[in-house]
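Read through the structure below, which is laid out as structure tokens, and then see the notes.
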Protein chains: 2
Amino acid sequence: MTSPVRLLLADDEHLIRGALAALLGLEDDLVVVAEAATGPEALAMARAHRPDVAVLDLQMPGADGVRVATSLRAELPGCQVLIVTGHGRPGHLKRALAAGVRGFVPKTVSAQRLAEIIRTVHAGNRYIDPELAADAISAGDSPLTAREAEVLELAADGAPVAEIAERAALSPGTVRNYLSSAVTKLGAENRHAAVRLARERGWV
Amino acid sequence: MTSPVRLLLADDEHLIRGALAALLGLEDDLVVVAEAATGPEALAMARAHRPDVAVLDLQMPGADGVRVATSLRAELPGCQVLIVTGHGRPGHLKRALAAGVRGFVPKTVSAQRLAEIIRTVHAGNRYIDPELAADAISAGDSPLTAREAEVLELAADGAPVAEIAERAALSPGTVRNYLSSAVTKLGAENRHAAVRLARERGWV
DNA sequence: GGCCGCCCCTGACATTTGTCATGGCGAGTG
DNA sequence: CACTCGCCATGACAAATGTCAGGGGCGGCC
């Protein structure tokens, strides 16, 4: 038999991470060599233990799964990355794939299934959850231009136009124009509803 | 030895639920008799299997953990409820306690620890995560009146004042006044920031 | 080179907001 | 009973926001 697949597990929820480590450890061709609770910690552990597959939660303190994946691809090209997420939004999937992630699954899969997917990813293949993939396709690409998205993001926390303008180094009038066109493109009632929509679709 | 503690596990994330079931099942004084992925399902399973302790995720499709807990207290008074949550917000803890929940812990605890807490709760005692308790105390009570909270909630999705007024059966002027006083009380810049703050503190 | 889309700005306008002053009504409290 | 507080409303004014009509510059593409 070939040597077991060495895993890195990163999730800020200890309950899940521990449980997962226990269950995956039961599979005799998988072995968990490191665990982490934050993005930076995951990177450090990866450097130290050089796992074959990194199973990363999408939302972690410090740096999210995609950011970690990006660094990982650069530093440990031999390490495949699998992202696990609670509530997957279409945009994340797109970002993840762009970052070189090989697998993307929701936490609604069973541990048994996850083990299979880990093997798939380790073999060099990709695995994207069909439902998430369908969502991503139906949501389509963002109709927003770079500036529109940027301004919309700055508007996310309810900041007034003047502040957005300052932070984006734009004139207030321009900001209102971008906001207006973004709102129109998204078919929203106002900028705040637009922010919500864009978030839901992962466009910000 | 006394008979084992019968558990109901409810969480929409199959990965976690399954892993948890496996780990808790290893404890020889605990036995998982039912699992559910949604609020209504959890209720149905509880009715069918009459567990001693129900371990509920706070956020589930259908009905959240607190709502399920409320129904459970009414229908199965002998069943203790323990709520597990990913990102605990102060207000939820307060609502949960009001609903008769006996335990409230974040998902950052270990499975070992969770098992102990289940025993504590089953023995009729309460267990509240110290950190969440501290947050709840420091956040304090909502300074908002019932109407202010209601109007603020209706304003959550970025609806214009006119729509809020109609939905709340109030005059637009009144709505603006409530919004204004809520914003002032929360020390926010505008209604949208106020909504965010109130959400963070669990006041809406 | 002309066309088009994105970028950035200006100015003007209507609408929507936030804020303030003010008043009446009912419930609970000293 | 007077007082306070929450509730609901009106009206008025200032500020922020949404919308429209422009115009100039830049880069890619037929």
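Throughout, a chain's letter reflects where its sequence line sits, starting with A, and its residues are numbered from 1.
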How close or far is atom C1' of C:dT17 from atom CG of B:Leu152, stated in whole angstroms? 15 Å
Looking at B:Glu116, I'd like to know if its CD atom is crowded, meaning that more than 12 non-hydrogen atoms belonging to other residues, nucleotides or ligands lie closer than 6.0 Å. yes
A:Glu148 CD to C:dC7 P: how many Å, rounded? 7 Å
Can we say B:Asp12 and B:Arg17 salt-bridge, meaning some charged N sits less than 4.0 Å from an Asp/Glu carboxylate O? no
Can you identify which nucleotide, out of D:dG6, C:dG18, C:dC9, has its nearest atom closest to the B:Arg191 side chain? C:dG18
Check this for me, if you would: do A:Asp129 and A:Lys107 make a salt bridge, where the nitrogen-to-carboxylate-oxygen distance has to be below 4.0 angstrom? no
Expressed as a whole number of angstroms, how long is the span from A:Glu189:CD to C:dT15:P? 16 Å
Contact class for A:Leu170 (heavy atom, under 4.0 Å): base, sugar-phosphate, or nothing? sugar-phosphate
A:Arg47, CZ atom: more than 12 neighbouring heavy atoms under 6.0 Å: yes
Result for 5'-nearest mapping on DNA chain D, choosing between B:Pro172 and B:Asn190, is B:Pro172
What is the distance from NE2 of B:His192 to P of C:dT16, rounded to the nearest Å? 14 Å
Nearest-angstrom distance from the residue atom CG of A:Asn177 to P of C:dT10: 11 Å
Is B:Asp157 salt-bridged to B:Arg191, going by a charged N under 4.0 Å from an acidic O? no
Starting at atom OH of A:Tyr178, determine the distance to atom P of C:dT10, rounded to an integer number of angstrom. 13 Å
With rounding to the nearest 0.5 Å, note down the distance linking CG in A:Leu58 to CZ in A:Arg67. 11.0 Å
Could you list by number each residue of residues 157-166 of chain B showing a heavy-atom separation from DNA chain D of less than 4.0 Å, or answer none if no residue does? none
Taken to the nearest whole Å, CG/B:Leu179 to C1'/D:dA15 is 16 Å
Does atom CD of B:Glu131 have more than 12 heavy-atom neighbours from other groups under 6.0 Å away? no
Take a 6.0 Å sphere around CD of B:Glu27 and say whether it holds more than 12 heavy atoms from other residues, nucleotides or ligands. yes
May I ask you to verify if any side-chain N or O of B:Ser171 is less than 4.0 angstrom from the OP1 or OP2 atom of D:dT10? yes
From the options C:dT19, C:dC7, D:dC7, select the nucleotide whose nearest atom is closest to the side chain of B:Ser180. C:dT19
Indicate, with a heavy-atom threshold strictly under 4.0 Å, whether B:Arg176 touches base, sugar-phosphate, or nothing. base
Among D:dT10, D:dG6, C:dC7, which nucleotide has an atom closest to any side-chain atom of A:Thr145? C:dC7
Whole-Å distance, A:Arg147 CZ to C:dC7 P, equals 7 Å
Helical bend (five base pairs per end, nearest 10°) for the helix from C:dG1-D:dC30 to C:dG30-D:dC1: 30°
Can you confirm whether A:Arg199 is buried at CZ, in the sense that more than 12 heavy atoms of other residues, nucleotides or ligands lie under 6.0 Å from that atom? no
Main chain of B:His49, side chain of B:Arg6: is a donor-acceptor contact present, judged purely on distance under 3.5 Å? yes
